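Please read the structure below before turning to the comments.
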Amino acid sequence: MQYPYQLPALPYAYEALSPMIGDPTLHVHHDKHLKTYVDNLNQALSDCSACQAKPLEELLRDLDQIPETKRTSIRNNGGGVYNHLLYFDCMAPAAGGQPKGSLSAALDREFGSYAAWQEKMKEAALGQFGSGYAWLVCDSSGTLSVVKTANQDCPLTGGLWPILCVDVWEHAYYLDYQNRRADYLDAWFNCINWDFVQKRYDQTGL
Ligand code: MN3
């Protein structure tokens with residue numbers, strides 16, 4: 001992905017994740033929130049030809065290489081684009097369950113079991129004070145860990161490869177769950193597209 005960025009279509013129908021995540025939530029989240037990040041990222045990059053030439057992952061990985069006047073805007077809006085696209089891609093209708101293959105083995109190895117990972121992921125997502133994300137990431141050796149980030153910060157900036165994320169900004173769940181973030185997370189686990197997450201794990205971009 002590179003400048004000028006475009007808003008890709010949601011990878012499934014707006015009603016496809018209902019009742020876990022409803023049609024009105026996905027419309028606002030994708031068509032309004034993500035669209036705003038795309039527009040603002042393009043705006044931020046419009047007068048920075050050096051930044052325009054770099055793919056989004058590289059911008060986020062090497063934030064310190066970006067001219068200082070552009071850094072905060074690219075961190076927030078570039079992260080907003082990248083993180084949201086990953087979040088939407090990590091879900092699918094009739095998904096959930098448990099991963100298979102090498103990712104399943106890696107979760108067992110790093111966390112003890114799928115259930116233990118799930119508990120850790122939920123704890124990170126609930127423990128993120130205010131807006132942000134919880135992530136399953138791997139390092140350059142393929143070792144998995146769970147991290148949380150604030151606002152639109154992306155683990156790429158810390159040298160980690162994001163393979164799965166959950167958005168815990170209130171706009172992600174307020175229409176469906178009001179203030180009940182834990183209920184949203186329980187539902188989100190049933191939406192995880194493990195086939196996609198496995199592909200991310202197989203193709204680390206570090
Ligand atoms: Mn969001």
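Every number for a ligand or one of its atoms is a count from 1 in the order of the listing. Residue numbers start at 1 and run along the sequence shown. Given the structure is predicted, the values throughout are model-derived calculations rather than measurements.
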> Do the side-chain N and O atoms of S145 and E110 include a donor-acceptor pair separated by under 3.5 angstrom?
Replying inline: no

> Nearest to the Mn ion (ligand 1), which N, O or S atom of D167 do we find?
Replying inline: OD2

>> Taking atom CD as the centre, does Q43 end up with more than 12 heavy-atom neighbours from other residues, nucleotides or ligands that are less than 6.0 angstrom away?
In response: no

>> Any N/O/S atom from H29 (main chain or side chain) under 2.8 Å of the Mn ion (ligand 1)?
In response: yes

> What are the two closest heavy atoms between E57 and L156, and how far apart are they?
Replying inline: CG-CD1, 3.8 Å

>> Please report, to 10°, the angle around the Mn ion (ligand 1) from atom NE2 (H171) across to atom NE2 (H84).
In response: 130°

> Do the ring centers of F189 and W117 come within less than 6.0 Å of each other?
Replying inline: yes

